[in-house]
J.: 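Here's a structure for you.
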Amino acid sequence: MKKDIQSLLEKTISKITENNISVEVLRTKSDIHGDWTSNVAMILAKDLKKNPRDLADEIISSLGSHNWLDKVEIAGPGFINFFLSNDASLSYLKKLIKSKDSYFPFVEEIPKKILIEYVSCNPTGPIHVGHGRGAAFGSALTNLLIKSGNDVIQEYYVNDRGLQSETLGLSVFLRYQELFGIEISFPEDCYQGDYIKDTAIELKRSFQDKFLISDVDRFLKIDESEEMKKFINKNFKDFDLLINFSIEVEIKKIRSDLEKFRVHHDTWFNESSLYKPPKKSSFLKTSEKLKATDNLSIKDGASWFKSSDYGDEKDRVFIRENGEPTYFASDIAYHDSKYERGFDLLVNIWGADHHGYLPRIKGAVEALGLNKDILKTIFIQFVSLIRDGKLVSMSTRAGEFITLRSLIDEVGVDSARFFFLARKGDQSLDFDLNIATAEDKNNPVYYIQYAYARICSLEKELIKRGMNFDIEEGCENLLQLDQPQESEIISFIESYQDILEQSYRDLEIHPICFYLRDLSSKFHTFYNSEVIIDEDSKKRNAKFALLLAIKKTIKSGLDVLSISAPEKM
RNA sequence: CUCCCGGUAGCUCAGCUGGAUAGAGCAUCUGCCUUCUAAGCAGAGGGUCGCAGGUUCGAAUCCUGCCCGGGAGGCCA
């Protein structure tokens with residue numbers, strides 16, 4: 001509809017002026033302004049040095065008459081308001097009602113190949129609440145992208161090498177010694193959580209006493225983690241085995257937590273794989289490219305990427321003095337590999353603490369001669385938990401973090417997902433546990449689900465009373481729904497496509513949450529203001545047709561959020 | 001010091017690609033269950049859109065400066 005009005009206006013304006021302007025058509029906020037509105041007259045008035053209202057008059061008189069258009073009016077300073085005919089304004093609704101599947105009104109004409117990378121937290125412990133937000137967001141965005149007709153791959157980048165991995169290995173190693181009755185001092189910079197003990201138990205089950213220290217006395221004298229690592233590396237040639245084992249155990253736990261949270265990754269990309277050659281390792285290939293294009297320099301014994309050439313504040317270390325590549329270096333190679341795999345769009349979802357990291361990655365992408373415009377990075381701000389009006393303290397260091405699993409156990413998957421998604425990603429989030437667990441209208445999730453369940457219950461009641469819903473009769477009589485609350489729902493349902501389009505364009509999810517809340521509210525109003533199971537069959541069928549449209553729309557929205565739509569509550 | 005995010009009703013937040021009287025929910029107050037799910041609905045009160053300039057026919061929205069809150073600035077990841 002929007003496009004029809006747009007092209008009609010464009011055609012008309014071309015008759016009046018040579019000037020080329022983009023015509024904007026928007027939905028009106030209020031019925032008295034019609035269905036659609038455009039401000040072209042006001043914009044054009046400036047160029048042509050004419051009075052906006054006169055110009056609008058001129059445009060309207062040469063629009064011609066169209067059967068889908070009831071009338072066109074000038075209003076305010078020079079808005080052109082379009083009032084659609086009844087048939088035209090109901091066309092969307094009818095299409096929605098008659099469609100077999102859940103109707104998704106916005107689809108790309110040419111599908112895009114999209115890679116979305118999210119969560120990607122270090123496999124050194126359980127996934128916690130902060131990661132949960134990114135997980136919910138990434139999975140919902142994926143749903144939106146897929147439903148919009150694209151091919152999407154969801155990827156998790158596993159940091160399975162470097163310092164943190166060694167620290168994980170050491171932590172497990174120490175807890176493992178304890179299982180043999182050896183009392184050791186456990187350094188502060190090791191991972192304190194009890195989950196390490198569980199991993200140690202699994203290690204013992206798989207490897208028995210393979211990693212047991214023989215020279216205990218000498219080891220006990222060491223109390224500093226770096227020294228411990230040196231000792232271990234000297235005495236256990238295959239310590240890597242232990243590290244890899246520990247990482248695998250953690251990844252398994254992360255994966256199962258995510259699955260429980262309805263988050264699924266198609267590929268798990270190991271950082272270490274960048275260094276393993278099938279032919280030539282990715283990392284080597286990438287660093288050679290950078291060297292060949294003169295983007296690396298040597299200083300203080302280390303190799304630096306000249307990111308300041310690309311707008312970053314300063315150059316960044318690429319390969320350390322000790323010969324080890326930095327995390328950043330791996331990440332460049334990783335991004336290089338993403339591009340190599342041939343996608344139309346690369347989406348990264350990062351924690352807000354990484355924002356300073358983006359300029360250098362962009363710089364590297366540019367240095368490699370890749371198209372930086374297809375790389376979109378979305379930052380997700382932090383989450384604070386609030387219980388009884390007070391901040392719940394969370395510190396990863398002290399092992400006091402709240403795990404995603406415990407959050408799910410407390411508030412449920414539906415509620416947790418909704419609360420994570422109902423806020424703009426780049427806004428920090430106060431997660432109120434009391435509201436999230438409430439089972440009344442304070443909790444928007446229950447409110448929306450209740451609307452859905454109520455509709456299902458009405459459908460059951462209809463059958464119970466020996467009546468049937470006649471879809472054809474319903475669609476033919478939609479015009480009978482002329483009560484204010486009814487026509488408001490009808491136009492609101494139509495605006496669902498705008499919400500999706502907007503969310504898709506901005507790569508945001510929260511508009512859908514707000515929309516569902518509002519739609520549910522309008523439904524509850526409708527439900528309370530009149531008897532749905534009407535004596536008059538024409539009216540009754542029209543109302544049930546509308547209910548079906550509401551139901552499908554709620555279902556479609558909840559599907560994007562991966563939140564369940566219960567038929568009974 | 002530099003960069004990022006935010007400042008809108010008592011509270012939590014939408015709105016921000018400039019548009020018509022600035023919106024929800026919660027909380028407060030007043031009503032509504034012999035009738036399809038009261039896990040609900042109707043109504044009322046509540047605003048210097050952080051401050052000051054600028055651009056514009058028109059600014060919560062764009063630009064500049066400032067103030068306040070949070071975060072980031074490793075040869076950590």
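Convention: sequence-line order gives letters A, B, ...; per-chain numbering from 1. Side chains included, hydrogens not; waters and symmetry mates left out as well; all remaining heavy atoms used.
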J.: Enter syn or anti for the glycosidic conformation of rC49(B), syn applying to angles within 90° of 0.
T.: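 Anti conformation for rC49(B).
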J.: In the structure shown, which nucleotide is the Watson-Crick or G-U wobble counterpart of rU17(B), with both distances under 3.5 Å?
T.: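 Matched rU17(B) with nothing under the 3.5 Å cut-off.
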J.: Y157(A) and Y334(A): aromatic ring centres closer than 6.0 Å?
T.: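 Centroid separation for Y157(A) and Y334(A): below 6.0 Å.
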J.: Can you confirm if the NZ or CZ of R161(A) lies within 45° of the ring axis of Y275(A) and under 6.0 Å from the centre of its six-membered ring?
T.: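 Output yes; distance and angle both within limits.
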J.: Output the rounded distance in Å from CG (N443(A)) to C1' (rU12(B)).
T.: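 So the two atoms are 14 Å apart, to the nearest Å.
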J.: In whole angstrom, what separates Y446(A)'s OH from rC26(B)'s P?
T.: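 One finds 17 Å between P of rC26(B) and OH of Y446(A), rounded.
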J.: Could you tell me the Watson-Crick or G-U partner of rC49(B), where both distances fall under 3.5 Å? Say none if there is no partner.
T.: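 Per the H-bond distance test, none.
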J.: Over 60° means perpendicular and under 30° means parallel, so classify the ring planes of W268(A) and H265(A), tilted if in between.
T.: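 Plane angle over 60°, so perpendicular.
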J.: Students often get this wrong, so: under 4.0 angstrom with heavy atoms, is A422(A) touching a base, only sugar-phosphate, or nothing?
T.: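 The residue A422(A) makes no contact with any strand.
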J.: For the aromatic rings, using the six-membered ring if either is Trp, is the centroid distance between Y515(A) and F492(A) under 6.0 Å?
T.: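 Judged by ring-centre distance (under 6.0 Å), Y515(A) and F492(A) do meet the cut-off.
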J.: What is the nucleic acid contact for R423(A), judged by heavy atoms within less than 4.0 Å: base, sugar-phosphate only, or nothing?
T.: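 Result for R423(A) = sugar-phosphate.
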J.: Any chance NZ of K362(A) has more than 12 other-residue heavy atoms, nucleotides or ligands included, within less than 6.0 Å?
T.: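 Count not over threshold, so no.
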J.: Could you work out the separation of rC29(B) and rG70(B) based on their P atoms and round it to a whole Å?
T.: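 Going atom to atom, P in each nucleotide, I get 34 Å.
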J.: Counting the atoms with a prime plus P, OP1 and OP2 as sugar-phosphate, which does A453(A) contact under 4.0 Å by heavy atoms, base, sugar-phosphate, or nothing?
T.: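 Base, at least one base atom sits under 4.0 Å.
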J.: Just to be sure I understand the rule, does T525(A) reach a base, reach only the sugar-phosphate, or reach nothing, if contact means heavy atoms closer than 4.0 Å?
T.: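 Touches sugar-phosphate only.
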J.: Is any side-chain N or O of T37(A) under 3.5 Å from a base N or O of rA20(B), one able to act as donor and the other as acceptor?
T.: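 Such a pair exists between side chain and base.
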J.: So is R360(A) actually on top of Y310(A)'s ring, under 6.0 Å and inside 45° of the axis?
T.: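 The answer is no; the distance or angle limit is not met.
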J.: Hunt down the Watson-Crick or G-U wobble partner of rC41(B), both distances under 3.5 Å, from any strand shown, or write none.
T.: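 Looking at the geometry, rC41(B) pairs with rG31(B).
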J.: Should rG6(B) form a Watson-Crick or G-U wobble pair with both distances under 3.5 Å, which nucleotide is its partner?
T.: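 Result: rC68(B).
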J.: Using whole Å, what does the distance between atom P of nucleotide rA39(B) and atom CD1 of I455(A) come to?
T.: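 Taking CD1 of I455(A) and P of rA39(B), I get 17 Å after rounding.
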J.: Can you tell me the pairing partner of rC36(B) across any strand shown, Watson-Crick or G-U wobble, with both distances under 3.5 angstrom?
T.: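 Matched rC36(B) with nothing under the 3.5 Å cut-off.
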J.: Calculate the interatomic distance between D312(A) atom CG and rU2(B) atom C1'; express it in whole Å.
T.: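 Distance check: D312(A) CG to rU2(B) C1' gives 12 Å.
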J.: Base contacts versus sugar-phosphate-only contacts with protein, heavy atoms under 4.0 Å: please encode nucleotides 71-77 of chain B as B, S and - from 5' to 3'.
T.: BSSSBSB
J.: D430(A) CG to rG70(B) C1': how many Å, rounded?
T.: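 So the CG-C1' distance, D430(A) to rG70(B), works out to 11 Å.
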J.: Could you tell me whether F514(A) contacts a base, only the sugar-phosphate backbone, or nothing, with contacts defined as non-hydrogen atoms closer than 4.0 Å?
T.: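 Since only primed, P, OP1 and OP2 atoms lie under 4.0 Å of F514(A), the category is sugar-phosphate.
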J.: Rounding to an integer number of angstrom, what distance separates rG7(B) and rG46(B) when you compare their P atoms?
T.: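 The same atom, P, in both gives a distance of 24 Å.
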J.: Among side-chain atoms of K543(A) and N477(A), is any donor-acceptor pair under 3.5 angstrom?
T.: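 Judged by distance alone, the side chains do not pair up.
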J.: Look at the side chain of M42(A) and decide which nucleotide, out of rA38(B), rA14(B), rG19(B), has an atom nearest to it.
T.: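 Out of rA38(B), rA14(B), rG19(B), the nucleotide with an atom closest to M42(A)'s side chain is rG19(B).
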